[in-house]
Amino acid sequence: DVQLVESGGGSVQAGGSLRLSCAASGYTYGSYCLGWYRQPPGKDREGLARISLGGGRPYYANAAKDRSTISQDNAKHTLDLQMSSLTPEDTAVYYCAGRSGSMCLLDPSRYDYWGQGTQVTVS
């Protein structure tokens, strides 16, 4: 079974940065998509960034563009998200998600596997 476990959340001061990590296991490495999502209080889940583990450039949504970097560690099977210039609007539960295939989209309904989420609070 595919398992995704996020870590790295917590409290951050406005203007600061975060680094979240997603440990992934149980997938077919060559044809898999991983993405980062978040769900602010009382709002829908939104996509932030996604990457194909088979290669290619990552894609960033507007909420993450220009202040975020998604990176993978192939040896450790982890996917990290770095985000800077945080504001209270970035307060949310952050999720890692995965799906099999080479056509990676950011639509959360396309993702089959989800981590438990990690809370990030910006104040």
Side-chain angles (χ1 to χ4, degrees):
D1 291 345
V2 175
Q3 290 191 326
L4 303 170
V5 180
E6 304 95 338
S7 60
S11 297
V12 185
Q13 289 191 336
S17 61
L18 63 78
R19 185 183 183 98
L20 304 178
S21 186
C22 173
S25 62
Y27 59 89
T28 303
Y29 180 81
S31 56
Y32 208 76
C33 304
L34 287 176
W36 279 101
Y37 297 79
R38 69 182 182 187
Q39 188 163 15
K43 296 184 178 181
D44 294 335
R45 192 168 298 186
E46 65 173 341
L48 295 173
R50 55 88 175 145
I51 192 168
S52 170
L53 298 186
R57 298 176 64 181
Y59 171 84
Y60 298 92
N62 288 337
K65 195 177 297 182
D66 299 327
R67 64 186 183 113
S68 302
T69 301
I70 190 172
S71 59
Q72 61 186 90
D73 185 321
N74 296 336
K76 296 181 180 179
H77 298 287
T78 58
L79 181 75
D80 289 357
L81 174 70
Q82 289 184 279
M83 184 178 289
S84 60
S85 303
L86 296 174
T87 73
E89 286 67 40
D90 293 311
T91 295
V93 178
Y94 285 70
Y95 297 90
C96 175
R99 66 180 295 268
S100 60
S102 57
M103 292 291 292
C104 295
L105 304 172
L106 200 56
D107 182 351
S109 69
R110 300 296 187 101
Y111 283 73
D112 303 309
Y113 305 100
W114 292 83
Q116 81 287 353
T118 184
Q119 176 71 46
V120 173
T121 302
V122 184
S123 60

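Values below: all heavy atoms of this structure, side chains included; hydrogens, waters and symmetry mates excluded. None of these values were measured; they are calculated from a predicted model.
Using a distance-only test at 3.5 Å, with no hydrogens or angles considered, a donor-acceptor pair links the side chain of Thr91 to the main chain of Val122. In this structure a side-chain-to-backbone donor-acceptor pair under 3.5 Å is present from Glu6 to Gly117. Between the Arg50 side chain and the Leu106 main chain, no donor and acceptor come within less than 3.5 Å of each other.
The line from CG of Leu79 to CD1 of Ile51 is 6.5 Å long, rounded to the nearest 0.5 Å. In this structure, CD in Gln116 is found 9.0 Å from CG in Leu4, a value given to the nearest 0.5 Å. Note that OG1 of Thr78 is 4.5 Å distant from CG of Asp73, once rounded to the nearest 0.5 Å. Distance NE2/His77 to SG/Cys22: 12.5 Å, rounded to 0.5 Å. If you take CG on Leu86 and OG on Ser123, they are separated by 11.0 Å, rounding to the nearest 0.5 Å. The distance from the CZ atom of Arg110 to the SG atom of Cys104 is 11.5 Å, given to the nearest 0.5 Å.
Looking at heavy atoms from C-beta onward, Cys96 lies in side-chain contact with Trp36 at the 4.5 angstrom threshold. Looking at Ser7 and Thr118, their side chains never come closer than 4.5 Å, going by heavy atoms from C-beta outward. Counting heavy atoms from C-beta outward, Tyr113 and Asp1 have side chains that stay 4.5 Å or more apart. Counting heavy atoms from C-beta on, the side chains of Asp90 and Leu18 never come closer than 4.5 Å. Side chains of Leu48 and Met83 form a contact here, defined as non-hydrogen atoms less than 4.5 Å apart.
For the residue pair Ala14 and Pro88, the shortest heavy atom distance occurs at CB-CD, 4.4 Å. Contact detail for Tyr60 and Ala49: the closest heavy-atom pair is CD2-CB, 3.6 Å. Annotation for Ala24 and Leu34: closest pair CB-CD1, 4.3 Å, computed over non-hydrogen atoms. Across Tyr111 and Leu105, no two heavy atoms sit closer than the pair OH-O, 2.5 Å. In terms of heavy-atom proximity, Arg19 sits nearest to Ser71 at NH2-OG, 4.4 Å. When all heavy atoms of Ile70 and Pro58 are compared, the pair lying nearest together is CG2-CB, 3.3 Å.
Other residues, nucleotides and ligands contribute over 12 non-hydrogen atoms within 6.0 Å of the CD atom of Gln119. Around the CG atom of Asp66, the shell of radius 6.0 Å holds no more than 12 heavy atoms that belong to other residues, nucleotides or ligands.
Hydrophobic clustering keeps Tyr37 apart from Tyr94 (ILVMFWY residues linked when any side-chain heavy atoms are closer than 4.5 Å, directly or through intermediates).
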Which side-chain N or O atoms in residues 40-47 pair as donor and acceptor under 3.5 Å with protein atoms at least two apart or in another chain?
| from | atom 1 | to | atom 2 | distance (Å) |
| --- | --- | --- | --- | --- |
| Arg45 | NH2 | Gln39 | OE1 | 3.4 |
| Glu46 | OE2 | Arg38 | NE | 2.5 |
| Glu46 | OE2 | Arg38 | NH2 | 3.1 |

Take Asp112 and Val2, measure what side chain to side chain contact (heavy atoms under 4.5 Å, CB included) needs, and give me the verdict at the end.
CA-CA 9 Å; Asp112 303 309; Val2 175; over 6 Å; no
